[in-house]
Amino acid sequence: ITGRKGNIYYECADISYRLDAQSAGGKETEFNVKTTVKEKDRNNVIYSLQESLKANRMGRLADERRNIDLNKAEKQYGIFILNVEITDSANGITLSDQIEFSSVMSSEPNSYMGISNHFSAAGGDAENGMKISGKSGFGMSRDEIRWHDVEGNKDEYKLSEFNQKWLDECRNNNIEPYVIIDGNSVHLDEYPPKKDTLTDYGKLAHWIASNTREYTNKYEIWNEYNLYSEKEASDSDYASPQNYAGLLKASYSQIHSGNE
């Protein structure tokens, strides 16, 4: 049984899955299929179906798409166990498999609830991630637009393909982006920026605010500013409150002017 990514379904009438089976004899046959759905905790059967499916001439039931409708079941929403038992009518061999899935009632995005993604750092799936987030009721998505992802040549910026995808998928699912502006410049030595590089960070913040203003007016100055390595910790001036205040001063007015 091969399910969909995450095995989360928001329409209880459209629980879709695929079957794949091969007859031991390798000849044309029929498979008798018994499908049951049980609640995970209670173990009671809320749905059952028996059917016969014809294999191809090589005895293969290949990628057979099936659908379960829980609308008329005892329970429509919750965490369930799908169990499929397949019997090869040619030789009587029976095999079974099961997979866990959840059926969730869709919610409208709520701006008071947000989710912290960090998809940009992990290379996440923005399309499905934002779709699931929106249907789960999250109205805000927190993620990074990182300096080294958007600056090619010095002072020349362009949103990365992922950044643009994340912003667009937020819009498609009625979610407001909450943008973290951080990351190191490949053209500068200071990380995080302080003293000599604060002006450069201000330029970056202005550009990001200007180029995302159609999507949001919510920004965060850096992420985990005082998270440092042992080497950096030996520098008493590293990530100090005073330095963060300088970072804030360098970017605050730039963000506001860029986002107007």
- Only pairs at least two apart or in different chains count here, so list each salt bridge (Lys or Arg N to Asp or Glu O under 4.0 Å) that has a residue in residues 44-53. Glu51-Arg66
- Taking only residues two or more places apart in sequence or in another chain, which ones pass salt bridge (charged side-chain N to carboxylate O under 4.0 Å, His left out) with Asp168? none
- Query: Does the side chain of Ser52 pick up a donor-acceptor pair with the side chain of Asn32 at under 3.5 Å?
  - Reply: yes
- Please check if Ile255 and Leu247 belong to a single hydrophobic cluster, counting links between Ile, Leu, Val, Met, Phe, Trp and Tyr side chain heavy atoms closer than 4.5 Å. yes
- Item | For Glu169, all residues meeting salt bridge (charged side-chain N to carboxylate O under 4.0 Å, His left out), sequence neighbours excluded | Lys165
- Item | Non-neighbouring partners of Glu260 that pass side-chain hydrogen bond (donor to acceptor under 3.5 Å, both in side chains), sequence neighbours left out | none
- Task: Could you give me the CA-CA distance, side-chain angles and deciding distance for Tyr219 and Thr216, then say whether side-chain contact (heavy atoms from CB on, under 4.5 Å) is met?
- Result: CA-CA 8 Å; Tyr219 301 91; Thr216 188; 3.8 Å; yes
- Task: Of all the heavy-atom pairs spanning Trp222 and Pro193, show the shortest one and how long it is.
- Result: CH2-CD, 3.3 Å
- Item | Pairs involving residues 212-221, ordered by first then second residue, that meet salt bridge (Lys or Arg N to Asp or Glu O under 4.0 Å) (sequence neighbours left out) | Arg142-Glu220, Glu176-Lys218
- Query: Do Ile46 and Lys38 pass the side-chain contact (heavy atoms from CB on, under 4.5 Å) test, and can you show the C-alpha distance, the side-chain angles, and the key distance before you say yes or no?
  - Reply: CA-CA 6 Å; Ile46 64 164; Lys38 298 181 179 180; over 6 Å; no
- For Tyr252, all residues meeting ring pair (Phe, Tyr, Trp, His ring centres under 6.0 Å), sequence neighbours excluded: His256
- Give a yes or no on whether a salt bridge exists between Glu64 and Arg18, defined as a side-chain N under 4.0 angstrom from a carboxylate O. no
- Query: Can you tell me if Ser240 uses its side chain to pair, donor with acceptor, with the backbone of Asn243 under 3.5 Å?
  - Reply: yes
- Please answer: with hydrophobic residues joined when any side-chain heavy atoms are less than 4.5 Å apart, are Tyr17 and Val45 in the same cluster? no
- Listed partners of Glu28 passing salt bridge (charged side-chain N to carboxylate O under 4.0 Å, His left out), at least two apart: Lys54
- Message: Suppose the criterion is ring-ring contact (aromatic ring centres under 6.0 Å, His included): which pairs have a residue in residues 69-96, not counting sequence neighbours?
- Response: Phe80-Phe101
Name the atoms and distances for all side-chain donor-acceptor pairs under 3.5 Å in residues 131-138, with sequence neighbours left out.
unit_1: Ser133; atom_1: OG; unit_2: Gly129; atom_2: O; d: 2.7
unit_1: Ser136; atom_1: OG; unit_2: Tyr10; atom_2: OH; d: 2.8
unit_1: Ser136; atom_1: OG; unit_2: Ile132; atom_2: O; d: 2.7

- Query: Same cluster or not: are Leu95 and Leu82 linked, directly or through other Ile, Leu, Val, Met, Phe, Trp or Tyr residues, by side-chain heavy atoms under 4.5 angstrom apart?
  - Reply: no
- Quick one: pull up CE in Met130 and CZ in Arg171 and give me the separation to the nearest 0.5 Å. 15.0 Å
- The ring pair (Phe, Tyr, Trp, His ring centres under 6.0 Å) partners of Tyr157 (sequence neighbours excluded) come to Trp207
- Task: Show your working on side-chain contact (heavy atoms from CB on, under 4.5 Å) between Ser251 and Tyr201 and close with a plain yes or no.
- Result: CA-CA 7 Å; Ser251 55; Tyr201 182 78; 3.6 Å; yes
- Task: Check for a donor-acceptor pair, side chain of Asp125 on one end and backbone N or O of Asn128 on the other, with a separation under 3.5 Å.
- Result: yes
- Task: Any chance you could lay out the side-chain contact (heavy atoms from CB on, under 4.5 Å) test for Val104 and Ile8, step after step, and finish with the verdict?
- Result: CA-CA 7 Å; Val104 182; Ile8 301 172; 4.1 Å; yes
- Query: Can we say Lys203 and Asp155 salt-bridge, meaning some charged N sits less than 4.0 Å from an Asp/Glu carboxylate O?
  - Reply: yes
- Donor-acceptor contact below 3.5 Å, side chain Asp149 vs main chain Ser160: no
- Which atom of Trp166 lies closest to which atom of Ser141, heavy atoms considered: NE1-OG, 3.0 Å
- Query: Any side-chain heavy atom of Val150 within less than 4.5 Å of one from Leu204?
  - Reply: yes
- Pairing residues for Thr199 by the side-chain hydrogen bond (donor to acceptor under 3.5 Å, both in side chains) criterion, not counting sequence neighbours: none
- Ser116 and Tyr178: side chain to side chain donor-acceptor pair (under 3.5 Å), yes or no, with the steps? CA-CA 9 Å; Ser116 185; Tyr178 181 99; over 6 Å; no
- Task: Hey, could you give me the CD/CD1 distance between Glu144 and Ile181, rounded to the nearest 0.5 Å?
- Result: 11.5 Å
- Does Asp88 have any salt bridge (charged side-chain N to carboxylate O under 4.0 Å, His left out) partners at least two apart in sequence or in another chain, and if so, which? none
- Message: I need the Leu70 CG to Ser103 OG distance, nearest 0.5 Å.
- Response: 5.5 Å
